[in-house]
There are 2 protein chains.
Amino acid sequence: MIFTTKAEYGVRLMVELGRQAKAEGAVATSLKAIAEAEGLPLAYLERIVALLRKAGLVESTRGAHGGYRLARTPGQITMDDVILALEGAVAPMNCFVDDTDTSRVLCSHEADSGRGCATKLLWMRVQGGVMEKLAQTTLAELVDFSYREQAATLPNDPTSRKPMTHA
Amino acid sequence: MIFTTKAEYGVRLMVELGRQAKAEGAVATSLKAIAEAEGLPLAYLERIVALLRKAGLVESTRGAHGGYRLARTPGQITMDDVILALEGAVAPMNCFVDDTDTSRVLCSHEADSGRGCATKLLWMRVQGGVMEKLAQTTLAELVDFSYREQAATLPNDPTSRKPMTHA
DNA sequence: GTTCAATCCTACCATCGCGGTCGGAGATCC
DNA sequence: GGATCTCCGACCGCGATGGTAGGATTGAAC
């Protein structure tokens, strides 16, 4: 598994905020509303949104009628920033700590075995592939995609579609 | 973390077999020798190599002087096969089970919330990026890379290399 | 100014997969 | 027969993940 549910829930939360941004301008959306709409645990979402706020991706207003809104427009938010805020560095492997100061990727096994880390090349390529895709994808794309998905699945699926009118 | 140590150890094991293939022709290499050379636990390697054998990537001969060798030449082995054998399907997310029979990627949250899975687009792109890089990389490249790394890290001390004594 | 709704923050906890071990049974060569 | 070596299944500690509990703080509405 590449990502944990932190990424899943966090991205989903960002998409929801992106929807709200388009719909209601500058009004803040409460976490409770998002949690109910997406069927996610509120308390857990609180911790996740804190990561996004610290990264400057969302802004918050406290108190009654408070909530969260995007700090930038969805088109200006790329997913590498989002994932980085949520998951920390995206590394293919534990030993793959990219040391920014030394700019050397060193593997713990490198010291043990006499030979260099044979897998380093592969992990670097994979990581590059992931980061590339993340950087290419904007939140706006995901928001649009969520509308299209909704339109595509709703009409032809009368069986299991629950309306989001919980509570 | 994208991959577990199964992938790390497994790839490393394949590289080692690739080295031996170039060096000694058709002689089988014992796991013990590889475990010692790479500083990896033998018992754990046994379970890992079993995955590679079941996938038809390595062949084994039992009994004394037995061991493992590559089923194909390093140039014919791409890393997507290797990783697939080791880790199972490379999925970005738990809910991302690509149903081969329905060929539909469905997310458990999709049923709950009225809307489609907003993150599906992102995960598909990321997975595509990973698989692309894996498929582009051959074992031969990693073997070559390991030689270059070895030469780079130990320029003037070829004797410190732990010889792979066949015990 | 009380109340209520919301963000914020810290601590806590259970489950589960990962990494690793152990013991033993079957091959095979000397 | 003994020495290796592959094979297989069971077992296990640990840490991260996912989730919960409780409360402090802020601010709008009444």
Side-chain angles (χ1 to χ4, degrees), chain A residues 1-10 12-13 17 20 27-36 38-55 57-69 71 86-89 91-95 108-109 112 167, chain B residues 1-10 12-13 17 20 27-36 38-55 57-69 71 86-89 91-95 108-109 164-167:
Chain A
M1 218 61 54
I2 299 183
F3 300 119
T4 68
T5 58
K6 272 216 269 281
E8 174 78 26
Y9 296 174
R12 184 162 268 139
L13 190 149
L17 288 181
Q20 298 299 323
V27 174
T29 308
S30 76
L31 262 198
K32 191 182 174 190
I34 295 179
E36 286 174 353
E38 295 280 347
L40 301 178
L42 172 61
Y44 191 34
L45 268 191
E46 286 183 357
R47 279 179 18 199
I48 290 173
V49 80
L51 300 172
L52 297 170
R53 190 175 50 85
K54 278 172 196 158
L57 291 166
V58 306
E59 293 168 348
S60 63
T61 57
R62 306 184 60 169
H65 292 88
Y68 296 89
R69 81 201 75 80
L86 292 167
E87 296 276 354
M93 191 58 52
N94 319 30
C95 65
S108 53
H109 298 287
D112 304 347
Chain B
M1 220 58 56
I2 298 184
F3 300 119
T4 67
T5 57
K6 271 213 271 282
E8 174 77 25
Y9 295 174
R12 183 163 270 138
L13 189 147
L17 288 181
Q20 297 300 322
V27 174
T29 308
S30 76
L31 263 197
K32 191 182 175 191
I34 295 179
E36 285 174 355
E38 295 280 347
L40 301 178
L42 172 61
Y44 192 34
L45 267 191
E46 286 184 357
R47 277 175 25 195
I48 291 173
V49 80
L51 300 171
L52 297 170
R53 191 176 49 84
K54 280 173 195 156
L57 292 166
V58 305
E59 293 169 348
S60 62
T61 57
R62 305 184 61 169
H65 291 89
Y68 297 89
R69 82 200 72 81
L86 292 167
E87 297 275 354
M93 191 57 52
N94 319 30
C95 65
S108 53
H109 297 288
M164 285 194 55
T165 54
H166 219 72

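Computed from a prediction, not measured in an experiment: that's the story for all the values here. The sequence lines fix the lettering, A, B, ..., with proteins before strands; numbering per chain opens at 1.
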Engineer: Classify the nucleic acid contact of B:Arg53 as base, sugar-phosphate or nothing, counting any heavy atom under 4.0 Å across all strands shown.
Structural biologist: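 Counting heavy atoms under 4.0 Å across all strands, the contact made by B:Arg53 is with sugar-phosphate only.
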Engineer: Counting side-chain heavy atoms from C-beta on, which of C:dT7, D:dT6, D:dG19 comes nearest to A:Thr5?
Structural biologist: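 The listed nucleotide nearest to A:Thr5's side chain is D:dG19.
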Engineer: Among the candidates C:dA6, D:dT20, C:dC22, find the nucleotide nearest to the side-chain atoms of B:Ala43.
Structural biologist: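 Shortest atom-to-atom distance from the side chain points to C:dC22.
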Engineer: In whole angstrom, give the distance that lies between atom CG of A:Leu51 and atom P of D:dT17.
Structural biologist: 12 Å
Engineer: Send over the distance from B:Tyr44 OH to C:dC18 P, rounded to a whole Å.
Structural biologist: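 Rounding to the nearest Å, OH of B:Tyr44 and P of C:dC18 are 8 Å apart.
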Engineer: Distance criterion of 3.5 Å, no angle test: do you see the side chain of B:Arg62 paired donor-to-acceptor with the base of D:dT6?
Structural biologist: yes
Engineer: Give the rounded distance in Å between these two atoms: CZ of A:Arg69 and P of C:dT7.
Structural biologist: 11 Å
Engineer: Whole angstrom is fine here: how far is it from NZ in A:Lys6 over to C1' in D:dG19?
Structural biologist: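 These atoms are roughly 11 Å apart.
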Engineer: Work out which heavy atom in B:Arg69 is nearest to a heavy atom in B:Ala28; give both atom names and the distance.
Structural biologist: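 For B:Arg69 versus B:Ala28, the nearest heavy atoms are NH2-CB, 3.9 Å.
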Engineer: Of the nucleotides C:dT21, D:dC7, D:dG18, which one has an atom closest to the side chain of B:Tyr68?
Structural biologist: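 Among C:dT21, D:dC7, D:dG18, the one nearest the side chain of B:Tyr68 is D:dC7.
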Engineer: Should B:Thr29 and B:Tyr68 count as side-chain neighbours, where that means a heavy-atom distance under 4.5 Å?
Structural biologist: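 Not touching, per the 4.5 Å side-chain cut-off.
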Engineer: Between atom CG in B:Leu42 and atom C1' in C:dC22, what is the gap in whole Å?
Structural biologist: 12 Å
Engineer: Closest approach to the side chain of B:Ser30, judged atom by atom: which nucleotide of D:dG19, D:dC5, C:dG19 is it?
Structural biologist: D:dC5
Engineer: Do B:Leu40 and B:Ile48 come close enough that some side-chain heavy atom pair is under 4.5 Å?
Structural biologist: no
Engineer: Over how many whole Å does the gap from B:Glu59 atom CD to D:dC7 atom C1' extend?
Structural biologist: 17 Å
Engineer: Going by heavy atoms in the side chains, are A:Lys6 and A:Tyr44 under 4.5 Å from each other?
Structural biologist: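 Yes, side chains in contact.
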Engineer: Whole Å only: how far is the CG atom of A:Leu86 from the P atom of D:dG18?
Structural biologist: 12 Å
Engineer: Within the pair A:Tyr9 and D:dG19, is there a side-chain N or O less than 4.0 Å away from OP1 or OP2?
Structural biologist: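 So the side-chain polar atoms of A:Tyr9 do come within 4.0 Å of the phosphate oxygens OP1 or OP2 of D:dG19, strictly under.
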Engineer: Going by modelled atom types, is there a donor-acceptor pair between the base of D:dT17 and the side chain of A:Arg47 at under 3.5 Å?
Structural biologist: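 Such a pair does not exist between side chain and base.
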Engineer: Considering only side-chain heavy atoms of A:His65, which listed nucleotide, D:dG19, D:dC8, D:dA28, is closest?
Structural biologist: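 Of D:dG19, D:dC8, D:dA28, D:dA28 is nearest to the side chain of A:His65.
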Engineer: A:Glu46 or A:Ala64: which one's nearest nucleotide on DNA chain C is closer to the 5' end?
Structural biologist: A:Ala64
Engineer: Return the nearest nucleotide to the side chain of A:Ser60; candidates are C:dC8, C:dG20, D:dT6.
Structural biologist: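 Minimum distance to the A:Ser60 side chain belongs to C:dC8.
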Engineer: Map A:Glu87 and B:Thr61 onto DNA chain D by nearest heavy atom, then report which one ends up closer to the 5' terminus.
Structural biologist: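 The residue whose closest nucleotide sits nearer the 5' end is B:Thr61.
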Engineer: Which whole-number value in Å describes the distance from B:Ile48 CD1 to D:dC8 P?
Structural biologist: 16 Å
Engineer: If you measure from CD on A:Glu46 to CZ on A:Arg53, what distance do you get to the nearest 0.5 Å?
Structural biologist: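 Rounded to the nearest 0.5 Å, the CD-CZ separation comes out at 11.0 Å.
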